[in-house]
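Read the structure below first, then the notes.
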Protein chains: 2
Amino acid sequence: MHEALKLENQLCFRLYTASRLITQAYYPLLSAIGLTYPQYLVMMVLWEQDCLPVNDIAKRLYLETNTVTPLLKRMEAEGFVSRSRSSADARQVIVNLTPKGRSLENRASCVPLHIGKAIMCQSLNAESAPALFATLDDIISTLSPVATAGPAGSVGSEASAFPVDSK
Amino acid sequence: MHEALKLENQLCFRLYTASRLITQAYYPLLSAIGLTYPQYLVMMVLWEQDCLPVNDIAKRLYLETNTVTPLLKRMEAEGFVSRSRSSADARQVIVNLTPKGRSLENRASCVPLHIGKAIMCQSLNAESAPALFATLDDIISTLSPVATAGPAGSVGSEASAFPVDSK
DNA sequence: GTGTTTTATATCGTTCACGATGCAAATATA
DNA sequence: TATATTTGCATCGTGAACGATATAAAACAC
């Protein structure tokens, strides 16, 4: 019996499960305003900065364009965004918020607080949250192809032999 | 502008991204032995305890049976498991490892260490990992319908107003 | 300026996830 | 014993994810 192959010793399984369960908690809140969770992520990108090419949205979300393209098409069909070829560079497709998409921000503004209440628990609170954020950011930057930009060398974590996913 | 709607303040986005990127790191290791990541999770359940009904596998992985059923069918087609109706209760479908499925455990035993090396980083190490595990377990038990079993009342986290997903 | 390479997006096929729903077997209730 | 309810699994439809591949525009090489 391989101890390292026990479910209870898996980090990724915990991340995967926590992510899925929180996404399920979003479901009733988001479906009330007509969005899925990945669509909500795209909207958050565009609310921060409108008028972005597909590639910038994909990079910001660490997704491939072949995931984002159909996502944007569905959002265009729902009337939240519009897509148009750039005149400067005809390869690029620029994504814009429609008035309907822009107005959704106010209706979504209560979502984070609701979710915050739902996932609050003993080991996740105002003190522990920043450390959790930092750890997840570190994992993400370690695994993301080149990171989005930032200082060249970045963290550079030398891979050690510590078996994180096997305790 | 709603600060709580900024991507940088989202916990779920970090979990979702970290989960996806780690799953991608598994991909080359698992495809070498013919498994996808969700299939690998099912195998870990069965390596720990063989001969389980569909429902037990689903509960252990916090998945719905309508996700697990087609997953198991594909695994049966690949020859890793067999499925058969229980004679004691004809509603149940019992899942068994085939010899091929059982023998896969040895070939998979090197996977956790490889992944551990890949995701090691500054803020995730032998000291910090247990705390991260505990936090994720706490989130999962807070959000999972009834938890799998355990002491009745469980944690009972009183929902506070702390906006976890909005800083 | 022609040929090669790179870049930006899209198409295709497969595998999850999951809400909604269906159905048959088991169990509870009348 | 009939009827109603619950349980276990399955089917269906939709929306991600993503590897592999395609296509056209831009950038580069010569």
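A note on names: the letters A, B, ... follow the listed sequences, proteins ahead of strands, and every chain is numbered from 1. Just so it is clear, the values below take in all heavy atoms, side chains as well, and ignore hydrogens, waters and symmetry mates. None of these values were measured; they are calculated from a predicted model.
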### Query
Within the side chain of A:Gln122, is there an N or O that forms a donor-acceptor pair under 3.5 Å with the backbone of B:Asp138?
no
### Summary
For nucleotides 12-23 of chain D, 5' to 3', base contacts (B), sugar-phosphate-only contacts (S) and non-contacts (-) with protein non-hydrogen atoms under 4.0 Å give ---SSBBBB---
### Query
Between B:Val54, B:Asp56, B:Val95, B:Asn55, which is the residue that forms a side-chain contact (heavy atoms from CB on, under 4.5 Å) with B:Val68?
B:Val54
### Message
Just verifying a value: how many Å separate A:Phe133 CZ and B:Gln10 CD, rounded to the nearest 0.5 Å?
### Response
7.5 Å
### Task
With a 4.0 Å heavy-atom cut-off, tell me which residues in residues 42-54 of chain B come close to DNA chain D, sorted by residue number.
B:Pro53, B:Val54
### Message
Without decimals, in angstroms, what is the distance between A:Asn55 CG and D:dA26 P?
### Response
16 Å
### Query
Quick one: does B:Arg85's side chain have a donor or acceptor within less than 3.5 Å of a partner on B:Ala90's backbone?
yes
### B:His2, NE2: over 12 other non-hydrogen atoms inside 6.0 angstrom
yes
### Distance, rounded to the nearest Å, where A:Leu72 contributes CG and C:dA8 contributes P
16 Å
### Message
Regarding B:Glu3 and B:Lys6, does a basic nitrogen lie under 4.0 Å from an acidic carboxylate oxygen?
### Response
yes
### Query
Quick one: which of B:Leu15, B:Asp137, B:Thr135, B:Leu132 gives a side-chain contact (heavy atoms from CB on, under 4.5 Å) with A:Arg14?
B:Asp137
### Task
Quick one: sort the B:Tyr37 and A:Tyr16 rings into parallel, tilted or perpendicular, breaks at 30° and 60°.
perpendicular
#### Entry: Nucleic acid contacts - residues 84-94 of chain B versus DNA chain D, non-hydrogen atoms under 4.0 Å
B:Arg91, B:Gln92, B:Val93
### Aromatic ring pairing A:Tyr26/A:Tyr40, orientation class (parallel under 30°, perpendicular over 60°, tilted between)
tilted
### Any A:Thr69 side-chain nitrogen or oxygen under 4.0 Å from OP1 or OP2 of C:dA10
yes
### Query
Does B:Lys73 place a side-chain N or O at less than 4.0 Å from the phosphate oxygens OP1/OP2 of D:dA10?
no
### Query
Are A:Arg60 and A:Tyr62 in a cation-pi setup, meaning NZ or CZ lies under 6.0 angstrom from the ring centre and within 45 degrees of the ring axis?
no
